[in-house]
Amino acid sequence: MIKAFAWPHTVFENAQFHIDDVRFGGIELAVSESAKALVVDCGSLQNRSEGEITLNVSIQTAIKQVRDYTIPTENISKIKTGLRLLCKETKFRKFYPANKDGMVSAVVPLNRLRGVATLDVLFLATEQVVTNDDLQLSQGSVIGLAAKPIILALDEDWTGVTIPVDWLAFDQNELPPQGFVHVEFSGGSQIPKVWLNTRFRAHIETTFLRTGDNSPVALAGAALRELFWLQIWEKVLVWSIRNENTQEENWPATRIAGMWRKRFSEHEWQLPNVDNLEADDLDVLSMRIQHCILTGQNLSRVHGILRFQPEAKGGS
């Protein structure tokens, strides 16, 4: 073990555990492993507001192993282990203790979660203790943890930066009834959502979603989508810069800002300070976004529509 630089005292940093299963009622939720976390796909629960997610986890590292590494005592009761859940968006925090065999059953109420929630395997001091390096720790201090947390990904696509788009009745949701696009923003841990006004769905959906050919409708749809995404990215990029968190590299805001920072750096540009944006700054930002997503190049295809129009006849 190597002493964690983030801690002022020695910490056992490689506690081993296994997720036995994760369920929502009778639904088994899939678990995948990324470079930094074990991710539970809870996307199927987005439209549910009640119920419980149950995680059964086996903590394989023994309390004695952590105690011997950190605390010079034979009193095993001075350490407990379990899962700590934290949802930063709702401020919900709870510790689920393991039994004597290291088994934890964490029952998490869905209505207390939003965005993403993190579960960490922890070993805690149950009373004031002195460590092997002669530091005094208070009750509840962390003295052991697993290298990777468990992530419950509820309101976002954890695998990439994908912004969902759907239809919404604006007049029934206190939005201007003649508006067409609404971008819904929450905290930095939640992916933005884009809503289109259902009032215009019958008139525009066929064109807006048409792809795969060179018909006038398909070319018009491509042009509409290009202008649509430019408008969305102008809003989302500013939001992501304002809400990114260097301590939360997996938050959507952090990932989106990082993606655009990389794109801008390829042209030796820097992301702006969004707290002091002036009109000219917004124009520069818009032009740079246009450049990165090739707006002009893609819109130039609209010229193909003209080939389908009859030439004007006559004239003076």
Side-chain angles (χ1 to χ4, degrees), residues 1-23 28-42 53-88 92-108 113 116-154 158 189 245-251:
M1 293 298 155
I2 300 174
K3 182 176 180 179
F5 292 109
W7 305 91
H9 56 277
T10 301
V11 173
F12 188 100
E13 295 183 90
N14 194 29
Q16 300 296 306
F17 69 95
H18 179 264
I19 300 177
D20 298 326
D21 62 25
V22 187
R23 292 184 173 277
E28 185 172 359
L29 302 177
V31 180
S32 61
E33 185 170 7
S34 71
K36 297 185 180 296
L38 297 175
V39 182
V40 180
D41 182 5
C42 302
I53 300 171
T54 302
L55 299 93
N56 291 307
V57 176
S58 305
I59 300 176
Q60 297 158 332
T61 299
I63 287 179
K64 182 180 185 303
Q65 188 176 358
V66 177
R67 180 200 65 202
D68 292 345
Y69 182 74
T70 57
I71 300 174
T73 177
E74 295 301 320
N75 187 355
I76 198 168
S77 65
K78 289 189 175 181
I79 300 176
K80 66 179 178 182
T81 184
L83 288 173
R84 181 194 63 189
L85 180 140
L86 175 62
C87 181
K88 292 186 178 181
F92 179 55
R93 180 194 299 262
K94 185 173 181 178
F95 184 79
Y96 298 89
N99 65 17
K100 61 182 181 62
D101 297 317
M103 305 295 294
V104 187
S105 183
V107 179
V108 183
L113 304 180
V116 297
T118 303
L119 291 127
D120 290 288
V121 172
L122 297 179
F123 289 78
L124 306 176
T126 59
E127 57 186 82
Q128 192 175 80
V129 295
V130 177
T131 67
N132 283 330
D133 41 10
D134 294 324
L135 291 175
Q136 185 168 289
L137 304 182
S138 59
Q139 179 182 350
S141 295
V142 175
I143 57 176
L145 72 166
K148 292 184 177 182
I150 302 169
I151 299 293
L152 301 180
L154 288 102
W158 193 258
S189 69
N245 187 334
T246 56
Q247 303 302 313
E248 299 290 349
E249 62 183 28
N250 286 314
W251 275 17

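Keep in mind that this is a model prediction, so the values were computed, not measured. In this chain, numbering begins with 1 at the start of the sequence shown.
- With sequence neighbours excluded, the residues that form a side-chain contact (heavy atoms from CB on, under 4.5 Å) with S32 are V39.
- Applying side chain to side chain contact (heavy atoms under 4.5 Å, CB included) to L55 and the options D21, L29, L85, I150 leaves one that passes, I150.
- Every side-chain contact (heavy atoms from CB on, under 4.5 Å) that N99 has, sequence neighbours left out, goes to D101, M103.
- Under the side-chain hydrogen bond (donor to acceptor under 3.5 Å, both in side chains) criterion, T118 pairs with no residue, sequence neighbours left out.
- The side-chain heavy atoms of L119 and L152, taken from C-beta on, include a pair separated by under 4.5 Å.
- Proximity of R67 to K78: side-chain heavy atoms (C-beta onward) are nowhere separated by under 4.5 Å.
- Nearest heavy atom pair, residue V31 against residue I19, reads CG1-CD1, 3.9 Å.
- The two residues A153 and V116 have their closest heavy-atom pair at CA-CG1, 4.2 Å.
- Under the salt bridge (charged side-chain N to carboxylate O under 4.0 Å, His left out) criterion, R93 pairs with no residue at all, not counting sequence neighbours.
- Side-chain atoms of I151 and V40, non-hydrogen and from C-beta on, never get closer than 4.5 Å to each other.
- With a 4.5 Å cut-off on side-chain heavy atoms, T131 and T70 do not count as touching.
- By the side-chain contact (heavy atoms from CB on, under 4.5 Å) test, A98 pairs with I59, T81, V104, sequence neighbours left out.
- Side-chain contact between Q128 and Q139 is absent, with no heavy-atom pair separated by less than 4.5 Å.
- Considering every non-hydrogen atom in both V11 and Y69, the closest pair reads O-CE2, 3.6 Å.
- To the nearest 0.5 Å, the span separating CG on D120 from NZ on K148 amounts to 13.5 Å.
- In this structure the side chain of V130 never reaches within 4.5 angstrom of the side chain of L137, judged on heavy atoms.
- Applying the side-chain contact (heavy atoms from CB on, under 4.5 Å) rule to T61 yields the partners F12, A15, Q16, Q65, V66, F123; only residues at least two apart in sequence or on another chain are considered.
- Atom OG1 of T126 sits about 8.0 Å away from atom CD1 of I79, to the nearest 0.5 Å.
- With rounding to the nearest 0.5 angstrom, the CG atom of L83 is 7.5 Å from the CZ atom of F95.
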